[in-house]
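Atoms within a ligand are numbered from 1 in the order they appear, just like the ligands themselves.
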Amino acid sequence: MRILVVEDEPKTGAYLKKGLEESGYSVDVASDGADGLLLAQEQNYDVIVLDVMLPTMDGWAVLKALRATHATPVLFLTARDDVSDRVRGLELGGDDYLVKPFAFVELLARVRTLARRGPPRESELLKVGDLEVDVNRRRVRRGNTRIDLTPREFSLLQLLARRQGEVLSRTQIASYVWDMNFDSDTNVVEVAIRRLRAKIDDDFPVKLIQTVRGVGYVIEVKEAD
Ligand code: CA
């Protein structure tokens with residue numbers, strides 16, 4: 001069972017990580033909203049523990065963006081004990097709500113319940129033009145043509161497709177697809193993009209992966225000039 005904790009207070013984050021790990025969960029901690037959202041989109045978590053007041057993106061914004069594609073159960077953590085906040089969180093698709101300060105056993109009980117319940121099973125299909133990426137079954141097609149990708153190519157395509165229309169830098173792509181940081185002058189990303197293009201673009205008249213010179217790459221259906 002994997003848990004993502006999105007919490008900007010280092011002490012609380014470390015405390016939750018330790019406690020949940022001691023209870024048998026595998027735990028990642030993100031310390032701001034944007035990082036938390038990206039992890040939540042890229043990894044498969046069983047439950048997300050989401051603080052409301054966060055740098056870069058608050059918990060509401062994270063949940064709203066996440067719910068566009070993911071049904072991962074979310075437990076909100078907040079210092080605010082306000083009925084309107086609670087209603088707002090649940091309306092946006094939060095699954096449960098815990099007010100700080102809370103007892104760890106209480107949090108653990110809520111996490112266990114959410115983990116047991118799990119997300120509603122639905123297929124997740126990302127579409128860019130006639131390209132379809134079936135995330136759960138890890139299948140890719142363009143129109144009627146089935147395309148076989150390596151796991152790395154699939155991760156790269158999934159990242160681009162999830163953030164379609166958004167230009168991603170080579171450094172961003174490297175850190176999410178290879179889970180490491182390296183200098184942006186490396187050509188690892190370029191090589192991977194070239195291989196991916198050979199599979200999803202070269203044989204098709206409409207090219208989906210666009211190079212934005214000096215910036216990075218974006219996947220989108222480009223309007224005809
Ligand atoms: Ca906070």
Side-chain angles (χ1 to χ4, degrees), residues 1-120 124 158-159 162-163 166-169 171-181:
M1 285 284 192
R2 299 185 67 196
I3 311 280
L4 173 64
V5 173
V6 189
E7 167 62 76
D8 59 314
E9 293 165 74
K11 267 171 81 175
T12 310
Y15 165 76
L16 291 177
K17 181 174 166 69
K18 185 166 181 282
L20 288 166
E21 283 177 347
E22 282 170 2
S23 307
Y25 294 100
S26 161
V27 182
D28 290 334
V29 179
S31 58
D32 72 67
D35 281 356
L37 175 61
L38 208 56
L39 270 176
Q41 289 170 327
E42 296 310 316
Q43 309 285 325
N44 281 316
Y45 293 104
D46 296 287
V47 176
I48 298 170
V49 177
L50 182 59
D51 189 25
V52 171
M53 298 303 286
L54 291 165
T56 68
M57 234 182 142
D58 68 17
W60 311 127
V62 171
L63 179 68
K64 202 171 167 205
L66 181 70
R67 282 288 175 264
T69 51
H70 283 66
T72 318
V74 169
L75 170 63
F76 267 119
L77 289 188
T78 179
R80 303 191 217 167
D81 186 10
D82 187 287
V83 174
S84 63
D85 276 353
R86 186 180 312 229
V87 170
R88 187 173 172 200
L90 296 176
E91 274 176 356
L92 282 170
D95 300 277
D96 204 352
Y97 198 98
L98 202 54
V99 176
K100 291 176 177 178
F102 51 84
F104 182 77
V105 287
E106 175 72 25
L107 176 117
L108 187 60
R110 306 281 187 100
V111 165
R112 281 198 174 124
T113 304
L114 290 176
R116 235 189 342 260
R117 196 200 299 166
E124 191 190 339
Q158 187 181 332
L159 172 68
R162 265 196 213 295
R163 299 175 72 176
E166 189 182 333
V167 181
L168 298 174
S169 71
T171 311
Q172 271 177 308
I173 292 171
S175 67
Y176 294 116
V177 176
W178 283 265
D179 197 22
M180 59 194 277
N181 291 304

**Message:** What I want to check is whether the side chains of Tyr45 and Asp28 have a donor and an acceptor closer together than 3.5 Å.
**Reply:**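 Checked: Tyr45/Asp28 side chains pair up, N/O donor to acceptor below 3.5 Å.
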**Request:** Determine which of the N, O or S atoms in Asp8 is closest to the Ca ion (ligand 1) and give its atom name.
**Result:**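 Of all N, O or S atoms in Asp8, the Ca ion (ligand 1) lies closest to OD1.
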**Asp96 with Arg110: basic N within carboxylate O range, under 4.0 Å** =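 Answer for the salt bridge query: yes.
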**Asked** Between Glu9 and Lys100, is there a salt bridge with N-O shorter than 4.0 Å?
**Response**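 The answer is yes: the pair qualifies as a salt bridge.
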**Message:** Regarding Thr12, does it place an N, O or S atom less than 3.0 Å from the Ca ion (ligand 1)?
**Reply:**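 No - counting backbone and side chain alike, Thr12 has no N, O or S atom under 3.0 Å.
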**Request:** Assess Asp51: does it contribute an N, O or S atom lying under 3.0 Å from the Ca ion (ligand 1)?
**Result:**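 Looking at Asp51, which is the residue asked about, there is an N, O or S atom under 3.0 Å from the Ca ion (ligand 1).
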**Message:** Assess the residue pair Tyr97 and Leu75 against the criterion (side-chain contact (heavy atoms from CB on, under 4.5 Å)); give the C-alpha distance rounded to whole Å, side-chain angles, the decisive distance to 0.1 Å, and a yes or no.
**Reply:** CA-CA 6 Å; Tyr97 198 98; Leu75 170 63; 5.6 Å; no
